[in-house]
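These notes are about the structure you will find just below.
Residues take their numbers from the sequence shown, with the count starting at 1.
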Amino acid sequence: MSKLEKLEPKQVFRYFEDLCAIPHGSGNTKGVSDYCMKFAKEHGLTAWQDEAFNVVIVKEASEGYENAPTVILQGHLDMVCEKETGNPTDFLRDGLELLVEGDLLSANGTTLGGDDGIAVAMALAVLDDASLAHPRLECVFTTDEEIGLLGANAMDMSRLSGKRLINIDSEEEGILTVSCAGGMRSKCILPVEYEETEGICVRIAVEGLLGGHSGIEIHKEHGNANILMGRLLCALFEDLDLRLGALEGGLMDNAIPRRTEAEIYVKEEEEGLLTELLAKWDAIYKAEYASSDPGVTVSWEKKGQRKGSVLKRGSASKLLYMLHMVPNGVQRYSTEIPGLVQTSLNLGTLKLMEEEAHVVFSVRSSVETEKAALGNKLCHCVEFLGGSYEETGSYPGWEYKKDSALRETMVEVFKRLYQKELKVEAIHAGLECGIFSGKIEGLDCVSIGPNMYDVHTPKEHISISSVKRVYEFLLEVLKELR
């Protein structure tokens, strides 16, 4: 029995449930892409799929709309895969376990993928409904948006005829997004060397943080587990003859990390002092993050006397220097739009491996020169320490368009439906609208979406009633676009 069959709009949630049953984390989108192609074939619709598994499905105009300009409906197929500690879900093989509680839809202990499965589900529902009034539609489903907008970057858009685009990747109802930041993925690579040691082995974790979306929620100043672990280890190194054996934190560069774990070795006579210091830092973090991350904890587990591989002192010093010195979080607010983050970065993933340590950031800015300057700062820092730097997935910001007929139409329709004003805003997160605008000359585009909460975390949930209202709004806009 379907868990969502009683939810409205029925077809939207039917397709969303189908999508949730297919593993579709970033880099693993062939299955969900093939599902969309199968849908097109079953419904007799023209469609194509490219090498990056992007999909375009075309639906011809309904009666009376034959001369109306084509409209592009757009969303992305991939989701951020985060889960609670101990959750057995294998994101490469398992679907999601959906939960409905009142007006909220979530997944059991994992991200929901409402970002951006709800966009794909809405578009499929539109394609499936022969009773709707609308112009010719080109429904574009891109891949790997969450790891650098890779699908949109790779896509040949010359086959698209639409000059009006409605992106359904925003996360707050009643807001029309018309501009966004650009971004990139920055990887700092430090070479490391190991040696053998013997001592008391202790596993330390900084955990219990709220995390969140590294663009939309960066201004909330939630603790970053990787940064807090770096600060903690630097403090411990000052008071102890500590050796670092393992270090790993975060799952995605664009999600604020909620947990980071380290394995350390200390001398037997320092075991008591270590316990005192860990308890001290647990209290410090609880005090500092009482409002933003009330569940933050420094936890530890003693493994006893052991032999093991640890970083040589020089390697450990360089790694901890970097973790202690790199910038993180909001770097600058806009001076033109009050409250809008202009430039930020998030140390999303940290991993110590056999020969290298990888420190990976999501860098965002609505000013290209500031984005480049942050990249240069990271580059200079890691190269000074003898490492190397890589930039991937760079995408442009989406500039505000002064004249937009699509924006004006949507504002008017919203006011007619709900007797209140539609808020027109810019956001700090990255949207594919910037790439589409750069590839399609004269494109008029906007972004909408239903209320989603705690996106990119296992607490992610979406408002069912909001999905219904946004879908009805979308249908009314399509009806208006003669």
Review point. Are F39 and Y15 close enough that their ring centres sit under 6.0 Å apart?
Key: yes
Between [Y] and [X], does any NZ, NE, NH1 or NH2 come within less than 4.0 Å of an OD or OE carboxylate oxygen?
X	Y	result
E82	R258	yes
D239	K280	no
K312	E195	no

May I ask you to check whether [X] and [Y] show a side-chain donor-acceptor distance below 3.5 Å?
X	Y	answer
N153	Y395	no
S465	D103	yes
S344	H428	yes
K302	T275	yes

Locate the shortest heavy-atom distance separating [X] from [Y]; write the atom from each residue and the value.
X	Y	value
L77	H24	O-CD2, 3.1 Å
S179	Y400	OG-N, 3.8 Å
C445	W398	O-CZ2, 3.1 Å

Exercise for review: Test V80 against every option in H456, E145, H213 by the side-chain contact (heavy atoms from CB on, under 4.5 Å) rule and name the one that passes.
Suggested key: H456
Review point. Between S214 (side chain) and I256 (backbone), is there a donor-acceptor pair under 3.5 Å?
Key: no
Exercise for review: Determine yes or no for a side-chain-to-main-chain donor-acceptor pair under 3.5 angstrom, with D78 supplying the side chain and S26 the backbone.
Suggested key: no
Exercise for review: Taking the side chain as every heavy atom from C-beta outward, state whether P191 and E355 have any atom pair closer than 4.5 Å.
Suggested key: no
Practice item. Go through N226 and T260 one step at a time and tell me if the side-chain hydrogen bond (donor to acceptor under 3.5 Å, both in side chains) criterion holds. Key: CA-CA 6 Å; N226 291 333; T260 303; 2.7 Å; yes
Review point. Is the number of heavy atoms from other residues, nucleotides or ligands under 6.0 Å of E288 CD greater than 12?
Key: yes
